[in-house]
Amino acid sequence: MATRKTQKRATAKAAMKKAAMKKTATKRTAGRKVVKLAAGGKAKRAAVRANGLPKPSTKAWGKAGKALDGVRILDFTHVQAGPTCTQLLAYMGADCIKVERPGVGDITRGQLRDVKGADSLYFTMLNGNKRSITIDSKHPKGKEILNRLIKHCDVLVENFGPGALDRMGLTWEHIHKTNPRMIVASVKGFGPGPYEDCKVYENVAQCAGGAASTTGFRDGPPLVTGAQIGDSGTGLHVAFGIVSALYQRVRTGRGQRVLCAMQDGVLNLARVKLRDQQRLAHGPLTEYSQHGEGIPFGEAVPRGGNDSGGGQPGWILKCKGWESDPNAYTYFITQAPVWGAICDIIGKPEWKTDPDYATPNARLPRLRHIFDTIEQWTMTKTKFEVMDICNAVDIPVGPILSMREIAEEPSLRKTGTVVEVDHPTRGKYLTVGNPIKMSDSITEVRRSPLLGEHTEEILGKELGYSKAEIAEIKASGAITAPEKGARAEAA
Ligand code: CAO
């Protein structure tokens, strides 16, 4: 029995040991598995954390290329809205191939000319860092070249009148079939709707986008602003759409259409006025000076003159020399937190505690009088003295800078916001560099191209046409303004 018992015990012990060993082995195996999994998971987690990106570059800042290096733009833009967009993309490093009509080019080359025979500043200041190729897009050979360019490029940008691109045969369907990765970006005056077929220029967009009805003085007509919010503003919007589409393409592998209507772009910039339109339903707009003057509001947002668009009242005030200098003015904001400092500076310390002036709400009905009083002080100082004195105590003010002052401002030259470039036919000119400063994508501003300056280079190097083929294309009239005889032959 004892032996059997002992045997049984021994067997049980052995079984337990075996089981234990098995367990350990399993554990070990499991452990290895865990380690293995952990290794896989670690790598996976690291990859997820890196968002699929390569290791951070160790190159010096600004030496790792440009933000949009490798992006090729088929630039079919003209006038201002489209060129603003593509110039910005080119500043960011994209290779911008501007397609222009042979012998004619972008109409702005000859508009507002200041130097006889040279490209205008209108053109040169909107087409820096681009290459120019001339192609007659309606010529059969021209169409063939364009198809090669569509295969070669990542983005086509255009701001022709409605339907013009389709009439060239470059419909979305055609482009997408030819190069499914291509992004096709368009600027139009209006989006789909009753006005979609209308041609639109800057000031039409300012009016249709709601900006003009809210600009100017209450007792005057609607006013357009000098800042080109319709053209350049929409160009900025469409550039953002293109960069977003490029980013999405990394995931989807396909292009898409990007449309920005100038009316929509202007409205986006004037959104605070749509805000005020809705506030009107709940009572007067107390921060508008017309409220303080006891003038009732109508059904729509009025023109606000120089009232600030936000919650801190402001106005434009005369400075020393205003009688002879049309820009001797400053914008002055009576920001609530620095009201005490304003009172001290203008010699009205009693306003700090006077219940009629001490709080923002108490001041609202008296804004006219308050700004008149502040102006008595600003008129004793130049706009730059006002800037120095006020900014020392955190009062937000801004001198009205003339374009002459901007052109000569050393700090803007230093940051590359205002840049001088040399041009072979017009000589040196000033342009606006990249207003967006990036620490690892440094913009070098280059002059605008001459009409067709890069035609042969692009046909040969990029599109692979041989010398003989280029000569044939030239003779066809597809890239040059041909002699009358040659044109008839090509037709
Ligand atoms: N080869 C052959 N033909 C060419 C060409 C080329 N390389 N490049 C352009 N063209 C032709 C187009 O095919 C078109 O011809 P069709 O109308 O006969 O088909 C014509 O030139 C250009 O037409 P368009 O309507 O674009 O030009 P426009 O001067 O009559 O109008 C504008 C200009 C700006 C009002 C219009 O382009 C437009 O509304 N654009 C959209 C909104 C916009 O961007 N406005 C801002 C302009 S900046 O102030």
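Predicted, not measured: the structure shown is a model, and the values here were computed from it. The first residue of the sequence shown is numbered 1, and numbering continues consecutively from there. Note that these values count all heavy atoms, side chains included, but never hydrogens, waters or copies made by symmetry. Start at 1 and go down the list; that is how both ligands and their atoms are numbered.
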contact_flag Gln228 ligand 1 heavy-atom lt 4.0 Å: no
Phe160, Tyr201, Phe76, Phe190: member with heavy atom nearest to atom 33 (C) of ligand 1: Tyr201
Which residue and heavy atom of the protein sit nearest atom 11 (C) of ligand 1, plus the separation: Arg101 NH2, 3.5 Å
Atom 49 (O) of ligand 1 [closest protein heavy-atom partner, distance rounded to 0.1 Å]: Asp231 OD2, 2.5 Å
Non-hydrogen side-chain atoms of Tyr195 and Val204 separated by less than 4.5 Å: no
Proximal atoms of ligand 1 relative to His78 (non-hydrogen, under 4.0 Å): 26 (O), 27 (O), 33 (C), 37 (O)
Atom 28 (P) of ligand 1: the protein heavy-atom neighbour that sits closest, reported with distance to 0.1 Å: Lys199 NZ, 3.7 Å
Nearest-neighbour protein heavy atom for atom 18 (O) of ligand 1, which is reported as residue plus atom name and distance: Lys138 NZ, 3.4 Å
Protein contact to atom 44 (O) of ligand 1 [nearest heavy atom, distance to 0.1 Å]: Asn159 ND2, 3.0 Å
Which residue and heavy atom of the protein sit nearest atom 24 (P) of ligand 1, plus the separation: Gly161 N, 3.6 Å
Pairing of Arg447 and Asp422 as salt bridge, 4.0 angstrom limit: no
Which donor-acceptor pairs under 3.5 Å do the side chains of residues 161-172 make with protein atoms, sequence neighbours left out?
unit_1: Thr171; atom_1: OG1; unit_2: His174; atom_2: N; d: 3.1

Per-residue contact class, Ile135 against ligand 1 - non-hydrogen pairs under 4.0 Å: backbone
Element-labelled atoms of ligand 1 that are located less than 4.0 Å from some non-hydrogen atom of Asp136: 1 (N), 2 (C)
Atoms of ligand 1 close to Ala81 [distance to a heavy atom under 4.0 angstrom, numbered from 1]: 44 (O), 46 (C), 48 (S)
His139 near ligand 1 by a heavy-atom separation under 4.0 Å: no
Atom 3 (N) of ligand 1: nearest protein contact (heavy atom, Å): Ser137 OG, 3.6 Å
Candidates Ile97, Thr455, Leu149, Leu459 - the one meeting side chain to side chain contact (heavy atoms under 4.5 Å, CB included) with Ile135: Leu149
Aromatic contact, Phe371 with Phe332 (centres under 6.0 Å): no
Side chain proximity check, Lys474 to Glu456, heavy atoms < 4.5 angstrom: yes
Asp264 side, atom CG; Phe190 side, atom CZ - distance, nearest 0.5 Å: 9.5 Å
Atoms in ligand 1 with a heavy atom of Val187 nearer than 4.0 Å: 41 (C), 44 (O)
Atom 45 (N) of ligand 1: the protein heavy-atom neighbour that sits closest, reported with distance to 0.1 Å: Val200 O, 2.7 Å
Distance filter under 4.0 Å to Met168 heavy atoms, resulting ligand 1 atoms: 4 (C), 5 (C), 8 (N), 9 (C), 10 (N), 12 (C), 13 (O)
Ligand 1 contact on Arg167 by region, counting heavy-atom pairs under 4.0 Å: side chain
Basic-acidic side-chain contact under 4.0 Å: Asp119, Arg109: yes
Heavy-atom closest contact (Ala481 atom, Gly103 atom, distance): CB-CA, 3.8 Å
Proximal atoms of ligand 1 relative to Gln80 (non-hydrogen, under 4.0 Å): 48 (S)
Closest non-hydrogen atom pair, Leu285 against Pro302: CD1-CD, 4.2 Å
Show me the donor-acceptor pairs within less than 3.5 Å that the side chains of residues 315-329 make with the rest of the protein, sequence neighbours left out.
unit_1: Asp325; atom_1: OD1; unit_2: Asn327; atom_2: N; d: 2.8

Aromatic ring pairing Phe297/Tyr288, orientation class (parallel under 30°, perpendicular over 60°, tilted between): perpendicular
Closer than 4.0 Å: a protein non-hydrogen atom to atom 1 (N) of ligand 1: yes
